[in-house]
S.K.: 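Please find one structure pasted underneath; my questions will follow.
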Amino acid sequence: MPGDAIERVLDQIHTAILAADFATLGRLIPELEAALAALIQPDQALLERIARKATRNAICLQASVRGVRAAINRVKEVRQAIAGLVTYDGTGKRAAFGVVGQLARRF
């Protein structure tokens, strides 16, 4: 039954998102699209279950994106700290100083 296949794939997508298994996500998307294309005259209960699972997955993906962005920003901050001291003037503009010394390179 296409409805069962859709729910199964949505659950597998959720598991892959939680595990950050992006290769599996790429494999599951075509499978989900095929199951959705095969769906004919679904009942309201099925549509509501699918919508809940799709919303759950979207929320998890949004959280994953925020996490990746936070990690990228943290790496930038660490690299900037290694490169030298960064301060701000009275107007809020950045003012960078040179490398603090060899000790800074160790971190």
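Because the structure is a prediction, the values reported are computed rather than measured.
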S.K.: Determine whether Glu7 and Arg52 satisfy the following criterion, salt bridge (Lys or Arg N to Asp or Glu O under 4.0 Å), listing intermediate values before the conclusion.
M.R.: CA-CA 10 Å; Glu7 290 189 81; Arg52 276 194 305 274; over 6 Å; no
S.K.: Share the residues that join Val75 in a hydrophobic cluster, the rule being Ile, Leu, Val, Met, Phe, Trp or Tyr side chains under 4.5 Å apart at the heavy-atom level.
M.R.: none
S.K.: Below 4.5 Å, heavy atoms only, C-beta onward: do Gln12 and Thr24 meet side chain to side chain?
M.R.: no
S.K.: Should Val68 and Leu25 be regarded as members of a common hydrophobic cluster, given that ILVMFWY residues are connected when their side-chain heavy atoms come within less than 4.5 Å of each other, either directly or indirectly?
M.R.: no
S.K.: Shortest non-hydrogen contact from Ile17 to Cys60?
M.R.: CG2-CB, 3.7 Å
S.K.: State plainly whether the residues Asp11 and Arg56 are in salt-bridge range, i.e. N to O under 4.0 Å.
M.R.: yes
S.K.: Could you tell me which non-hydrogen atom of Leu47 sits nearest to which non-hydrogen atom of Pro42, and how far apart they are?
M.R.: CD2-CG, 3.6 Å
S.K.: Below 4.5 Å, heavy atoms only, C-beta onward: do Leu39 and Leu46 meet side chain to side chain?
M.R.: yes
S.K.: Say you draw a straight line from CG of Leu36 to CD of Glu31; how long is it, rounded to the nearest 0.5 Å?
M.R.: 11.0 Å
S.K.: Let me confirm one number: the CD1-NZ distance from Ile6 to Lys53, rounded to the nearest 0.5 Å.
M.R.: 11.0 Å
S.K.: Using side-chain heavy atoms (C-beta onward) and a distance below 4.5 Å, is Glu33 in contact with Ile29?
M.R.: yes
S.K.: Does Ile13 offer a backbone N or O that forms a donor-acceptor pair with the side chain of Asn57 under 3.5 Å?
M.R.: no
S.K.: For the hydrophobic clusters of this structure (ILVMFWY residues joined by side-chain heavy atoms under 4.5 Å, transitively), does one cluster hold both Leu61 and Phe22?
M.R.: yes
S.K.: Rounded to the nearest 0.5 Å, what's the gap from CG on Asn73 to CD on Glu77? Could you check?
M.R.: 6.5 Å
S.K.: Rounded to the nearest 0.5 Å, how far does CZ of Arg74 lie from CZ of Arg79?
M.R.: 12.5 Å
